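A short worksheet on the structure shown next.
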Amino acid sequence: MPGRIAITPRSLSGSGHPVLTRLMDEGFEIVFPAPGKTPSEEDLLRTIPGCVGWLAGVEPISTRVLDAAKGLRVISRNGTGVDNIDLREAEARGITVERAMGANARGVAELAVGLLLSSYRHIPWSHQHLVKGEWCRRIGQEVKGRTLAVIGCGAIGREVVNMALGLGMEVIGYDPYPDSLFSPSRFHFAALQDALVAADAVSFHCPPGEKPILDSAMLSRMKKGVIIVNTARAELIDDAAMLAALEGGHVTTLATDVFHHEPPESSALLSHERVILTPHAGGFTEESVDRATTVAVDNLLKNLVRR
């Protein structure tokens with residue numbers, strides 16, 4: 001028998017996906033540790049032992065889980081980020097980690113641009129007042145001619161750059177490994193701090209580091225009225241510093257699709273009237289889920305089935 005494969009992304013564990021039948025056709029048994037929700041460590045400890053493969057989402061994969069994952073040969077992410085996995089510990093146990101590179105790039109990029117436009121035109125705020133029967137208007141701004149800093153210019157970031165350029169924006173990119181072949185008109189690469197200081201709006205598309213990129217010192221150097229869009233990781237932003245910047249008017253709007261915990265706990269930051277929230281939906285489009293699932297299954301079969 002080929003063995004068991006765990007499926008943990010919420011987009012797949014709740015309702016399944018036709019591509020998963022390819023695993024069953026090869027003789028694998030499919031198991032869902034926490035159908036329709038992000039699995040806890042206890043869910044994983046109960047299910048992962050005995051699995052040879054794991055189609056994983058963004059749930060934290062602890063050393064304790066890796067220790068218990070006897071027989072696990074491959075973890076196949078249905079996205080790009082692997083900061084939820086201790087890669088060194090996985091390698092030490094002989095577990096291959098695969099990524100679905102670029103599969104959800106278009107979906108995340110479209111949401112980022114949607115959040116950017118929603119911020120400039122106060123769409124959620126207007127909706128909230130109208131459904132309460134209140135005729136309120138808050139003057140908006142047009143994006144043409146404004147400067148967007150795109151932090152992280154991989155597959156997602158490049159999509160955002162091209163969409164923003166199509167809207168008439170000027171775009172500055174930052175990436176630790178800038179691609180010299182990516183050089184559209186009205187775009188240039190810059191150092192991280194230079195890009196942030198020059199920006200009217202910022203969109204994050206990078207993994208977190210050891211400390212937040214936006215702390216109180218960095219926020220104080222940025223333009224008054226800047227808009228922040230985060231569809232990458234919550235750890236890129238210092239929450240207390242961001243709340244203070246919103247309260248002081250230095251940041252006009254924070255639009256975020258990512259949180260420290262899912263679902264997030266209520267906080268002064270997340271309930272602020274100039275914060276726009278979406279439930280980690282960047283890659284949650286029919287097309288992105290199809291692409292990411294196909295690539296993730298391909299990567300599982302590549303590692304588990306000998307042809």
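This is a predicted model, so every value here is computed, not measured.
No donor-acceptor pair closer than 3.5 Å links the side chain of Asn299 to the backbone N or O of Glu98. Side-chain atoms of Thr231 do not come within 3.5 Å of backbone N or O of Val108 as any donor-acceptor pair. No donor-acceptor pair under 3.5 Å is formed between the side chain of Asn78 and the backbone N or O of Ala292. Using modelled atom types, one side-chain atom of Asn84 and one backbone atom of Gly57 make a donor-acceptor pair closer than 3.5 Å. A donor-acceptor contact shorter than 3.5 Å is absent between the side chain of Arg77 and the backbone of Arg99. In this structure, Arg233 contributes its side chain and Asp83 its backbone to no donor-acceptor pair below 3.5 Å. A donor-acceptor pair under 3.5 Å is formed between the side chain of Ser13 and the backbone N or O of Gly36. Here the side chain of Asp238 pairs a donor or acceptor atom with the backbone of Ala241 at under 3.5 angstrom. Remark: the backbone N or O of Gly225 is paired with a side-chain donor or acceptor of Thr252 at under 3.5 angstrom. Under a 3.5 Å cut-off, the side chain of Asp67 and the backbone N or O of Arg64 do not form any donor-acceptor pair.
Val31 places none of its side-chain heavy atoms less than 4.5 Å from the side chain of Ile5. Val202 places none of its side-chain heavy atoms less than 4.5 Å from the side chain of Asn230. Residues Arg137 and His122 form no side-chain contact, since every pair of their non-hydrogen atoms from C-beta on lies 4.5 Å or further apart. A heavy-atom distance below 4.5 Å is found between the side chains of Ile228 and Met242. Looking only at side-chain heavy atoms (C-beta outward), Pro212 and Ile237 stay at 4.5 Å or farther from each other. Within the 4.5 Å cutoff, the side chain of Leu55 has heavy atoms near those of the Leu20 side chain. Using a 4.5 Å heavy-atom threshold, the side chains of His17 and Asp290 count as touching. The shortest side-chain heavy-atom distance between Leu304 and Pro2 does not fall under the 4.5 Å cut-off.
Counting non-hydrogen atoms of other residues, nucleotides and ligands closer than 6.0 Å to CZ of Arg121 gives a total of 12 or fewer. The local environment of CD in Glu265 is sparse, with at most 12 non-hydrogen atoms from other residues, nucleotides or ligands closer than 6.0 Å. Counted within 6.0 Å of NE2 on His127, heavy atoms from surrounding residues, nucleotides or ligands total 12 or fewer; the atom is thus considered open.
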CA sep, side-chain torsions, deciding dist, call: Arg186, Met169, side chain to side chain contact (heavy atoms under 4.5 Å, CB included): CA-CA 8 Å; Arg186 303 197 321 278; Met169 302 187 80; 5.9 Å; no
Worked check of side chain to side chain contact (heavy atoms under 4.5 Å, CB included) between Val52 and Phe28: CA-CA 9 Å; Val52 295; Phe28 292 100; 4.0 Å; yes
Derivation of the salt bridge (Lys or Arg N to Asp or Glu O under 4.0 Å) call for Arg46 and Glu42: CA-CA 6 Å; Arg46 185 174 58 251; Glu42 293 305 315; over 6 Å; no
Stepwise side chain to side chain contact (heavy atoms under 4.5 Å, CB included) test for Leu214 and Leu196: CA-CA 9 Å; Leu214 293 190; Leu196 292 172; 4.2 Å; yes
Derivation and outcome, side chain to side chain contact (heavy atoms under 4.5 Å, CB included), residues Asp239 and His260: CA-CA 10 Å; Asp239 288 359; His260 297 288; 3.1 Å; yes
From CA spacing to verdict: salt bridge (Lys or Arg N to Asp or Glu O under 4.0 Å), Arg10, Glu262: CA-CA 11 Å; Arg10 291 167 299 173; Glu262 298 183 0; 2.9 Å; yes
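Using modelled atom types, one finds a donor on one side chain and an acceptor on the other under 3.5 Å when comparing Thr8 with Trp54. Side-chain N/O atoms of His280 and Thr278 include no donor and acceptor closer than 3.5 Å. There is no side-chain donor-acceptor pair under 3.5 Å between Glu59 and Thr38.
By the rule that hydrophobic residues join a cluster once side-chain heavy atoms approach within less than 4.5 Å of another member, Phe204 and Leu269 end up as members of one cluster. Taking hydrophobic clusters as Ile, Leu, Val, Met, Phe, Trp and Tyr residues chained together by side-chain heavy-atom distances below 4.5 Å, Leu111 does not share a cluster with Phe259. No single ILVMFWY cluster, assembled from side-chain heavy atoms under 4.5 Å apart, contains both Val82 and Leu300. Under the 4.5 Å side-chain heavy-atom criterion for Ile, Leu, Val, Met, Phe, Trp and Tyr, Leu116 and Val275 are members of distinct hydrophobic clusters. With hydrophobic clusters built from ILVMFWY side chains whose heavy atoms lie under 4.5 angstrom apart, Val197 shares a cluster with Val226.
Checked against side chain to side chain donor-acceptor pair (under 3.5 Å), Ser288 has the following partners two or more places apart in sequence or in another chain: Thr285, Arg291. In this structure Phe187 satisfies the ring-ring contact (aromatic ring centres under 6.0 Å, His included) test together with Phe182, Phe189, sequence neighbours excluded.
If you take CG on Leu115 and CD1 on Ile227, they are separated by 11.0 Å, rounding to the nearest 0.5 Å. The distance from the CD1 atom of Ile85 to the OG1 atom of Thr63 is 12.0 Å, given to the nearest 0.5 Å. With values rounded to the nearest 0.5 angstrom, Lys223 atom NZ is found 11.0 Å from His250 atom NE2. To the nearest 0.5 Å, atoms CD1 (Ile213) and SG (Cys206) are separated by 4.0 Å. With rounding to the nearest 0.5 Å, the separation of SG in Cys136 from CG in Leu130 is 8.0 Å. For the atom pair Leu44 CG and Ser62 OG, the distance stands at 7.5 Å (nearest 0.5 Å).
In summary, Arg22 and Glu26 do not engage in a salt bridge, as defined by a charged side-chain N under 4.0 Å from a carboxylate O. Under 4.0 Å is where a charged nitrogen must lie from a carboxylate oxygen, and between Glu235 and Lys211 no such pair does.
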Hey, can you pull the donor-acceptor pairs under 3.5 Å for the side chains in residues 139-160, sequence neighbours left out?
unit_1 : atom_1 : unit_2 : atom_2 : d
Arg146 : NE     : Glu142 : O      : 2.8
Arg158 : NH1    : Cys153 : O      : 3.1
Glu159 : OE1    : Arg106 : NH1    : 3.3

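Cation-pi geometry between Arg138 and Trp125 is met: under 6.0 angstrom from the ring centre, within 45 degrees of the axis.
Across every non-hydrogen atom of Leu23 and Val297, the tightest pair is CD2-CG1, 3.9 Å. The two residues Thr80 and Met101 make their nearest non-hydrogen contact at CG2-SD, 3.9 Å. Counting all heavy atoms, side chain and backbone alike, Val258 lies closest to Ala232 at CG1-O, 3.4 Å. When all heavy atoms are compared, the tightest approach of Leu192 to Tyr174 is N-CD1, 3.4 Å. When all heavy atoms of Leu270 and Pro264 are compared, the closest pair comes out as CD1-CB, 3.7 Å. Closest heavy-atom contact between Asn303 and Thr96: OD1-CG2, 3.7 Å.
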